[in-house]
Protein chains: 2
Amino acid sequence: MRDALVAAAFRLFLERGYEQTTVDDIVALAGVGRRSFFRYFPSKEDVVFPDHERCLADMTAFLAAGSEDDPVRRVCDAARLVLLMYAENPAFSVQRYRLTKSVPGLRAYELSVVWRYERALAGFLRDRFAGLPDGVLRADVIAAAVVAAHNNALRSWLRSDGKGDAEAAVDHALGHVRAAFGAGPVAAAGEGPGDVVVVVSRRGAPLWRVVQELETALGRG
Amino acid sequence: MRDALVAAAFRLFLERGYEQTTVDDIVALAGVGRRSFFRYFPSKEDVVFPDHERCLADMTAFLAAGSEDDPVRRVCDAARLVLLMYAENPAFSVQRYRLTKSVPGLRAYELSVVWRYERALAGFLRDRFAGLPDGVLRADVIAAAVVAAHNNALRSWLRSDGKGDAEAAVDHALGHVRAAFGAGPVAAAGEGPGDVVVVVSRRGAPLWRVVQELETALGRG
DNA sequence: GTACGGCGTGCACTGAGTGCCATCAGTGGC
DNA sequence: GCCACTGATGGCACTCAGTGCACGCCGTAC
């Protein structure tokens, strides 16, 4: 029933446009009652993004489950889950992309979906950075950067009709973020019994990362 | 007339909530015709953000006007314009913040407004980075980071009822972004013999002192 | 058979947003 | 004084998304 509604909706959206299609048209084509539509989709916009709810749950679970040394890497991996969802069904994703690009209402709705992903990532980072100076700020900024990089790669893949290697593009884009925020000092040696800590860093490395490494080395993580 | 509508709308929104207030209620209180409301505000949500259109135009003009050596600095300055708009009328901004925080529909609308700011910043950076490798990606990521940092500072200022120094908070937040992205990738990669910094610290040394030393060593006073 | 809970459906209603036309003030030309 | 013209406003009717409610259908338990 859900699938039938989605199929009918997309057929009409592509045929005559999103705003020119009423919910009555959709349910008529799908052969179900109008009231049932709103049982499966809280709004007309939701039928365009039928799988984001599940994907968001997957991401939340992924973040809650594993723990890695580098939270930035973990968050990048979480973002990749979204790409995988899009890549599961390239034809559908490309159609939807064209739709959302041209309909302001859908673009606004997509923003709120992306926002929820971003908040999930930021929440994870906030926990990891708790106690660090400006931890919340860093978490928010890194989450925004990860989402922006991911979306940049995703959108160019969608613009090319799903041709090309989406995973490689996203990896490349996220690599930039990790270079800016994730790759900190080359080394930090402070684990030994002595009372001296040595940190080696490249010039231009992000200060936050250096400080984080320092704190760990100094025993304040 | 615009102002009268905004005033009436906010009075009712605060009194009985956004969703419990109909457009008819607003125009009745303002003493104007219902049709006139939609002449001034394309939707009920727009009355909550009556000055963003102007602010967006200001930002676009600001970006189009001046040219500075460092595009990242320019973009950060542009973001400050938004803060200034909020700071112009702290009481109103705080009220609106409470409203948008608690009403999902308004939060979604705000996202689309923020998105337009972000696209303005990203567009500026895309022009400046045109031709550079991954220029578009870099532009999008930096714009997102700037917006996230700005919003982080802005929101904590709003949460504190407009007490405290908003400008300082935003400057601090944007400083982090400029620290991460201000020095371009070429400089960050480091060339020449002096691109490695070694810091030696005693365990138990005050962290702020270590950071101070680091900043000096990394060339970021 | 009967009671019950879940699912789909029809109906009526609210409220946002729009198109169309009437009204009215201000303005310039004659 | 009179007449067009223009722009801002108001009123009215309409579409359509979304909701609350109650009804019917069906499979299961007892």
Side-chain angles (χ1 to χ4, degrees), chain A residues 1-50 52-54 96 99-100 102-113 116, chain B residues 1-54 96 99-100 102-113 115-116:
Chain A
M1 161 91 61
R2 249 183 88 92
D3 298 342
L5 283 169
V6 171
F10 266 81
R11 197 171 136 199
L12 291 172
F13 291 164
L14 296 175
E15 207 171 272
R16 62 175 95 158
Y18 176 80
E19 274 150 356
Q20 281 64 46
T21 304
T22 70
V23 174
D24 293 278
D25 295 336
I26 299 171
V27 296
L29 180 59
V32 301
R34 166 185 164 76
R35 201 64 185 77
S36 298
F37 179 93
F38 289 103
R39 257 188 228 303
Y40 285 94
F41 304 100
S43 79
K44 185 183 167 192
E45 285 133 349
D46 282 285
V47 81
V48 180
F49 306 91
H52 272 80
E53 214 61 40
R54 176 185 59 76
R96 173 167 62 190
L99 213 52
T100 56
S102 61
V103 180
L106 289 179
R107 209 166 44 206
Y109 186 87
E110 192 185 35
L111 286 174
S112 74
V113 174
R116 294 175 63 194
Chain B
M1 161 93 55
R2 248 184 88 92
D3 296 343
L5 283 170
V6 172
F10 266 81
R11 195 170 138 200
L12 291 173
F13 291 164
L14 296 176
E15 206 170 275
R16 61 173 95 159
Y18 176 80
E19 274 148 357
Q20 281 64 47
T21 305
T22 70
V23 174
D24 293 275
D25 296 336
I26 299 170
V27 297
L29 181 60
V32 300
R34 169 185 162 75
R35 199 67 185 78
S36 297
F37 179 93
F38 290 103
R39 254 187 248 297
Y40 285 93
F41 305 99
S43 80
K44 186 183 167 191
E45 284 133 349
D46 283 286
V47 80
V48 181
F49 305 92
D51 37 12
H52 271 79
E53 213 62 39
R54 176 185 58 75
R96 173 166 63 189
L99 213 53
T100 57
S102 61
V103 180
L106 289 179
R107 209 168 43 207
Y109 187 88
E110 193 186 34
L111 286 174
S112 74
V113 174
W115 180 79
R116 294 175 64 195

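Each chain gets a letter, A, B and so on, in the order its sequence line appears, and its residues count up from 1.
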Starting from P on C:dG15, measure out to CD on B:Glu45 and report it in whole angstrom. 16 Å
Would you say the side-chain atoms of A:Arg34 pair up with the backbone N or O of A:Val23, donor to acceptor, closer than 3.5 Å? no
DNA chain C contacts made by residues 7-22 of chain A, counting heavy atoms under 4.0 Å: none
Can you tell me the distance, in whole Å, between the CG atom of B:Leu5 and the P atom of D:dA8? 15 Å
Residue pair B:Lys44, B:Glu19: steps toward the salt bridge (Lys or Arg N to Asp or Glu O under 4.0 Å) verdict: CA-CA 10 Å; B:Lys44 186 183 167 191; B:Glu19 274 148 357; over 6 Å; no
Report the C-alpha separation of A:Ile26 and A:Phe13 in whole Å, then their side-chain angles, then the decisive distance to 0.1 Å, and conclude whether the side chain to side chain contact (heavy atoms under 4.5 Å, CB included) test is met. CA-CA 9 Å; A:Ile26 299 171; A:Phe13 291 164; 3.9 Å; yes
If you draw a 6.0 Å radius around CZ in A:Arg107, do more than 12 non-hydrogen atoms from other residues or ligands fall strictly inside? yes
pair B:Leu111-B:Trp115: side-chain heavy atoms closer than 4.5 Å: no
Any B:Tyr40 side-chain nitrogen or oxygen under 4.0 Å from OP1 or OP2 of D:dA8: no
Any donor-acceptor pair under 3.5 Å joining the side chain of B:Arg35 to the base of C:dG17? no
Kindly say whether B:His52 contributes a backbone atom to a donor-acceptor pair with the side chain of B:Arg116 at under 3.5 angstrom? no
How close or far is atom C1' of D:dC21 from atom CZ of A:Phe38, stated in whole angstroms? 16 Å
Roughly, in whole Å, what's the span from CZ in A:Phe41 to P in D:dT19? 15 Å
Starting the side chain at C-beta, find the nucleotide from D:dG10, C:dG17, D:dA17 nearest to B:Lys44. C:dG17
On the nucleotide C:dT9, are OP1 or OP2 found under 4.0 Å from the side-chain N or O atoms that A:Ser36 carries? yes
Side-chain (A:Arg2) to main-chain (A:Pro50) donor-acceptor, under 3.5 angstrom: yes
May I ask you to verify whether the side chain of B:Arg39 and the base of C:dT18 hold a donor-acceptor pair under 3.5 Å? no
I'd like to know if B:Arg34 reaches the base of C:dG15 with its side chain, counting only an N/O donor and acceptor under 3.5 Å. no
What's the closest nucleotide to the side chain of B:Met1 if the choices are D:dG18, D:dA17, D:dT9? D:dT9
